[in-house]
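So the structure is just underneath, and the comments pick up after that.
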There are 2 protein chains.
Amino acid sequence: MNIGRASKLSGVSTKMIRYYEQTGLIPKAARHNSGYRDYDDADVHRLRFIRRSRDLGFTVEQIGGLLDLWADRSRASSDVKSFALGHIERLKEKMTEIEAMVRTLESLADHCHGDDRPECPIIDGLAENDGDSLRPKRREPQRFGRPGGQSARHHGGAAKVTL
Amino acid sequence: MNIGRASKLSGVSTKMIRYYEQTGLIPKAARHNSGYRDYDDADVHRLRFIRRSRDLGFTVEQIGGLLDLWADRSRASSDVKSFALGHIERLKEKMTEIEAMVRTLESLADHCHGDDRPECPIIDGLAENDGDSLRPKRREPQRFGRPGGQSARHHGGAAKVTL
DNA sequence: TTTGCGGCTTCCCACGATGGGAAGGTCAAG
DNA sequence: CTTGACCTTCCCATCGTGGGAAGCCGCAAA
């Protein structure tokens with residue numbers, strides 16, 4: 001089957017499938033005479049494995065390890081388990097960090113009246129500043145261009161978790 | 001003062017200070033005759049504001065908004081508060097996502113004996129596969145080079161939260 | 001004064017995972 | 001045969017950060 005079909009069946013974009021091949025996460029696909037990549041059910045299965053692993057927050061590099069563990073029918077289940085447990089630990093650390101941010105922000109926000117007056121403990125907290133002796137001048141209307149750029153929207157989508 | 005001093009005082013790396021200037025997050029620094037950038041206390045203060053905002057998980061673009069809010073002494077505190085509240089929401093979404101990953105992984109790990117036998121519900125869960133009819137062939141010893149790369153270690157540091 | 005060193009400058013490259021898009025080849029249906 | 005959907009490769013951008021080179025600057029010790 002073609003890459004588009006494999007993509008639909010696995011939930012991995014064609015871009016990513018080619019990328020995974022390029023980086024060696026998956027073996028080079030077979031090719032039709034035309035040059036089109038050809039996938040079979042086992043390939044799709046592997047791609048689904050990869051997608052599920054990504055959904056669980058593993059990096060591509062870690063997934064390389066998982067694929068090896070999957071392929072190795074003689075490795076101990078404890079190897080897999082410790083891999084998973086280590087990942088859980090990392091995820092929990094991340095949660096803890098975010099939790100700390102939330103706590104800080106909430107305590108700041110709790111003290112903010114949120115009315116039309118300008119005094120704001122949130123900004124003061126970020127500035128560690130009660131007066132405004134050091135309040136900066138207004139930034140000149142910066143259209144937020146990257147180094148030489150002309151602004152691009154392109155993916156202002158859903159929250160993502162990058163580890 | 002020089003950029004290195006401002007960096008030490010603010011906790012923002014010199015690389016980042018220049019980057020923030022380049023992207024317009026901060027105004028172009030004054031220069032000595034030598035061409036060296038020159039910072040004053042207000043600049044350092046702004047950098048500290050930026051660093052604290054980053055630590056709270058705001059993106060650089062959002063910090064642009066925060067700086068504007070800080071500079072605008074006539075804006076309502078409710079503007080700041082809704083900004084902060086929105087951010088808290090995004091943070092919580094992220095926590096929820098990670099929590100889901102952890103729950104899934106833990107339930108998988110709970111069923112794994114973690115002994116020296118190979119049967120492993122974790123791998124099976126990722127593969128959605130109870131037998132091993134579709135178990136992939138071993139990946140050829142891939143030294144995990146990027147497209148053309150010769151591997152780089154470079155920052156294998158602490159867990160970070162990227163939003 | 002020369003030498004040396006550390007700090008500064010700009011410029012380019014890399015990371016990880018992903019998407020956009022251009023230029024061109026292929027295939028099946030009409 | 002044309003059309004349109006699909007495929008190929010190649011390059012570029014994202015976001016925030018660091019690495020490192022090549023070259024200038026400033027200060028202090030020899």
Side-chain angles (χ1 to χ4, degrees), chain A residues 1-8 11-26 28-39 47 50-51 53-55 57-64 144-163, chain B residues 1-8 11-26 28-39 47 50-51 53-55 57-64 144-163:
Chain A
M1 78 185 86
N2 284 346
I3 196 173
R5 183 102 188 89
S7 170
K8 254 162 222 144
V12 178
S13 74
T14 61
K15 284 278 187 189
M16 282 302 101
I17 296 176
R18 294 194 196 97
Y19 172 76
Y20 293 151
E21 177 178 329
Q22 199 183 14
T23 56
L25 182 66
I26 57 179
K28 292 202 208 292
R31 300 285 184 139
H32 290 282
N33 299 334
S34 61
Y36 284 18
R37 286 175 180 79
D38 187 25
Y39 297 92
L47 287 169
I50 292 172
R51 191 184 53 66
S53 302
R54 287 291 296 136
D55 290 348
F58 289 100
T59 66
V60 169
E61 182 156 12
Q62 290 169 337
I63 296 173
F144 237 94
R146 303 303 154 241
Q150 58 277 49
S151 90
R153 198 76 323 99
H154 121 44
H155 84 295
K160 304 183 11 174
V161 176
T162 311
L163 334 182
Chain B
M1 79 186 83
N2 283 346
I3 196 172
R5 183 102 188 89
S7 170
K8 255 162 221 145
V12 178
S13 74
T14 61
K15 285 276 187 190
M16 282 301 102
I17 296 176
R18 296 194 195 97
Y19 172 75
Y20 293 151
E21 177 179 328
Q22 199 183 13
T23 56
L25 183 66
I26 56 179
K28 292 202 209 292
R31 300 285 185 139
H32 290 280
N33 300 334
S34 59
Y36 284 18
R37 288 176 179 78
D38 187 23
Y39 298 91
L47 287 169
I50 291 171
R51 191 184 53 66
S53 302
R54 288 290 297 138
D55 290 348
F58 289 100
T59 65
V60 169
E61 182 156 12
Q62 290 168 337
I63 295 172
F144 237 93
R146 302 305 155 240
Q150 60 277 49
S151 90
R153 198 75 320 97
H154 120 48
H155 82 296
K160 303 182 17 173
V161 176
T162 310
L163 337 180

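In what follows, chains carry the letters A, B, and so on, assigned in the order in which the sequence lines appear, proteins first and then strands, with residues in each chain numbered from 1. No hydrogens, no waters, no symmetry mates; every other heavy atom, side chains included, goes into these values.
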Looking only at heavy atoms, the pair that brings B:Thr59 and B:Gln62 closest together is N-OE1, 2.9 Å

Go through C:dT18, D:dC7, D:dT17 for me and flag the one nearest to the A:Tyr19 side chain.
C:dT18

Does the C:dG20 base have a donor-acceptor partner in the side chain of A:Lys15 within less than 3.5 Å?
yes

For B:Ile3 and B:Thr14, which heavy atoms make the closest approach, and how far apart are they?
CD1-O, 3.8 Å

All side chain to side chain contact (heavy atoms under 4.5 Å, CB included) counterparts of B:Ser53, not counting sequence neighbours:
A:Leu126, B:Phe49, B:Phe58, B:Ile63, B:Leu66

If I compare all heavy atoms of B:Ser13 with all of B:Ser7, which pair ends up nearest, and what's the gap?
CA-OG, 3.6 Å

Between its two end axes (five pairs each) the helix from C:dT1-D:dA30 to C:dG30-D:dC1 turns, nearest 10 degrees, through 30°

Considering just the side-chain nitrogens and oxygens of B:Arg18, establish if one lies under 4.0 Å of OP1 or OP2 belonging to D:dT17.
no

Atom-to-atom span, CG of B:Asn2 to C1' of D:dC25 - whole angstrom:
10 Å

Tell me: CD of B:Gln22 to C1' of D:dG18, nearest whole Å?
14 Å

B:Arg5 CZ to D:dG26 C1', in whole Å, measures 17 Å

Could you measure the distance from the NZ atom of B:Lys8 to the CZ atom of B:Arg5? Nearest 0.5 Å is fine.
8.0 Å

How many Å lie between CD on B:Glu21 and C1' on C:dC8, as a whole number?
13 Å

Within this structure, what is the OH-to-C1' distance between B:Tyr20 and D:dT17, rounded to whole angstrom?
9 Å

CZ of A:Arg54 to CG of A:Leu47, rounded to nearest 0.5 Å, is 13.5 Å

Going by side-chain contact (heavy atoms from CB on, under 4.5 Å), A:Arg37 matches just one of A:Lys28, A:Arg31, A:His32. Which one?
A:Arg31

Comparing nearest nucleotides in DNA chain C, the 5'-proximal residue of the pair B:Asp38, A:Met16 is B:Asp38

Contacts of A:Asp38 that satisfy salt bridge (charged side-chain N to carboxylate O under 4.0 Å, His left out) - sequence neighbours left out
none

A:Tyr39 has an atom OH; how far is it from atom P of D:dC6, in whole Å?
16 Å

Closest contact, heavy atoms only, A:Ile17 versus A:Ala6:
CD1-C, 4.4 Å

What protein N or O atoms touch nucleotides 27-30 of chain C N or O atoms at under 3.5 angstrom, if any, and at what distances?
none

According to a strict under-4.0 Å criterion, is B:Ser13 in side-chain N/O contact with OP1 or OP2 of D:dT17?
no

For a quick test of reading the model: is some side-chain N or O of B:Arg37 closer than 4.0 Å to OP1 or OP2 of C:dT9?
yes

Whole-Å distance separating the CD1 atom of B:Ile17 from the P atom of D:dG18
11 Å

Between atom CD1 in B:Ile3 and atom P in D:dG18, what is the gap in whole Å?
13 Å

Excluding sequence neighbours, so at least two apart, what forms side chain to side chain donor-acceptor pair (under 3.5 Å) with B:Asn2?
none

Looking only at D:dT9, C:dT18, D:dG18, the nucleotide nearest the A:Arg54 side chain is C:dT18

Which comes earlier along DNA chain C counting from the 5' end, the contact point of B:Lys8 or that of B:Arg31, where each point is its nearest nucleotide?
B:Lys8

